[in-house]
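Labels below follow one simple rule: chain letters A, B, ... track the order of the sequence lines, proteins then strands, and each chain is numbered from 1. Only heavy atoms go into these numbers, but all of them, side chains included; no hydrogens, no water, no symmetry mates.
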Protein chains: 2
Amino acid sequence: MRAQRPARRTPATDALSQDTKSRILDAAELLFMEHGFEATSLRQLTAAAGVNLAAVNYHFGSKEELFQAVLTRRLDPMNQERIDLLARYEREAGSKPLTCEKILSAMLIPALRLSRDEKRGGKHFLRVLGRAYADPAPFIRNFLSAQYAEMIARFKEAFLKALPHLTKQELTWRLHFVMGALSYTLAGTDSLKLMLQVITNDQDNDELLLQRLAPFLAAGLKAPLGDAKKLELVSGD
Amino acid sequence: MRAQRPARRTPATDALSQDTKSRILDAAELLFMEHGFEATSLRQLTAAAGVNLAAVNYHFGSKEELFQAVLTRRLDPMNQERIDLLARYEREAGSKPLTCEKILSAMLIPALRLSRDEKRGGKHFLRVLGRAYADPAPFIRNFLSAQYAEMIARFKEAFLKALPHLTKQELTWRLHFVMGALSYTLAGTDSLKLMLQVITNDQDNDELLLQRLAPFLAAGLKAPLGDAKKLELVSGD
DNA sequence: GCACGATTCAAACGCCCGTTTGAATCATGC
DNA sequence: GCATGATTCAAACGGGCGTTTGAATCGTGC
């Protein structure tokens with residue numbers, strides 16, 4: 001399809017010095033975050049990337065395939081990192097089951113690493129991902145399911161050992177809650193931050209954030225099973 | 001602007017028997033859930049509602065204002081219900097501070113009621129809302145912030161009394177996590193369900209769901225403060 | 001230094017978008 | 001039963017969309 005071209009580096013703008021495919025991916029990551037998939041046009045995107053309009057269809061086939069490429073580029077390595085880290089923890093622990101907090105670390109740390117890595121798109125990508133979770137488009141939903149399948153299965157297994165009082169079904173729900181809180185937190189939509197009047201803007205924002213999220217999630221995962229009478233519907237009156 | 005017209009009821013289709021404004025709102029709720037705001041066209045929407053294309057701009061002004069109307073119709077009463085229920089609990093408790101679980105109930109029960117009320121759009125609306133949280137469009141973000149401001153402030157106050165070991169800032173973050181898990185759960189995007197292989201499809205789905213979510217969130221809210229060393233970045237190897 | 005595949009480019013294609021318009025229709029108060 | 005304002009309607013507006021095309025350009029192997 002395409003031949004490698006020597007990257008001719010201009011001194012000032014580093015973004016412009018990459019090859020066409022990377023320039024498109026970077027611009028897409030940024031614009032999909034800012035405006036969403038549907039609201040981002042290829043004309044606007046290719047202009048921002050400094051490439052010809054037809055380049056997206058030439059290199060990626062279609063706008064949808066470009067979106068999947070944007071997700072894959074970051075998601076694949078991150079989930080692999082999660083699986084590897086979990087495996088390493090399990091190796092280090094020997095025969096003893098891992099603690100809940102340790103397994104959570106294996107989920108959170110690769111995400112945190114990615115969010116702090118400006119060279120790998122930093123937070124931009126995690127916002128795109130947070131939005132993608134909530135997107136009803138079938139091509140996005142199916143894609144994400146496939147991307148996450150292996151990672152989720154591995155972590156479910158680990159959590160089951162660490163939390164023997166939970167049934168499989170109960171754990172499935174609690175993982176659902178974990179993913180919800182995590183994706184919202186990492187996506188960091190301004191609307192929620194505005195709502196809750198969060199002011200923090202420091203550099204170590206994300207690390208502090210995950211240090212707050214981890215105990216919250218660990219406590220939730222370890223909680224005793226719910227009492228059926230705790231949440232009965234209050235009728236009228 | 002508009003004069004009231006007597007609703008002429010056809011026996012079979014109840015949807016077609018409402019007035020134009022309601023028909024548009026109902027169709028919009030459904031289509032915005034299925035395809036999102038940007039991906040839903042007014043031609044498709046008005047056709048589904050059985051009204052003329054120009055009716056949206058006549059009755060609501062623009063597509064954006066229609067979206068806000070879709071949100072307001074359900075969100076306003078639900079948040080008012082939450083505030084009222086919290087006030088009632090506080091009245092019943094007298095001078096004693098409410099438990100964390102009780103305050104959570106005041107948040108969850110009105111949402112659960114809405115989700116089970118087919119006449120009020122049922123789950124359709126909550127999915128639209130879940131998507132809206134993650135939408136980057138400024139007109140959506142600002143609108144949601146304003147809609148939630150009072151409710152969030154009231155509940156923050158109540159939680160502060162129930163959880164005296166938390167600082168204001170810590171509570172703000174935990175409420176952030178609560179809203180994230182809650183909105184994900186209620187929005188119930190298929191992609192997450194697919195990922196986690198949730199099978200339940202019964203009628204009391206939502207009630208069971210919140211009975212599972214409530215203990216999880218309560219435990220998270222009550223968790224001790226995080227240890228700074230718990231989640232340190234593991235460098236390399 | 002030329003041939004050839006990979007890439008870039010400007011232009012156009014066909015289509016659908018949100019909105020506006022001005023006339024037709026309806027419902028009501030007089 | 002007619003005047004009046006609210007509502008509905010078909011049609012059009014201007015513009016932007018994703019994609020395709022075919023020629024120009026580039027970069028490398030011979």
> If you draw the axis of the six-membered ring of A:Phe60, does the NZ or CZ of A:Lys21 fall within 45° of it and under 6.0 Å from the ring centre?
Replying inline: yes

> OP1, OP2 of D:dT8 versus side-chain N and O of B:His59: anything below 4.0 Å?
Replying inline: yes

> In the 5'-to-3' direction, what one-character label does each nucleotide of nucleotides 17-22 of chain C receive under the scheme B = base within less than 4.0 Å of a protein heavy atom, S = sugar-phosphate only, - = no such atom?
Replying inline: BBBBB-

>> Could you tell me how far apart B:Arg23 (CZ) and D:dT8 (P) are, to the nearest whole angstrom?
In response: 8 Å

> How many Å lie between CG on A:Leu66 and C1' on D:dC17, as a whole number?
Replying inline: 15 Å

> Hey, do the aromatic rings of A:Phe177 and A:Phe216 have their centres closer than 6.0 Å?
Replying inline: no

> Is there side-chain contact between A:Met33 and A:Leu30, with at least one heavy-atom pair below 4.5 Å?
Replying inline: yes

> Mind checking whether A:Leu104 and A:Leu213 have side chains closer than 4.5 Å, heavy atoms only?
Replying inline: no

> Under 6.0 Å between ring centres, would you say that holds for A:Phe37 and A:Phe139?
Replying inline: yes

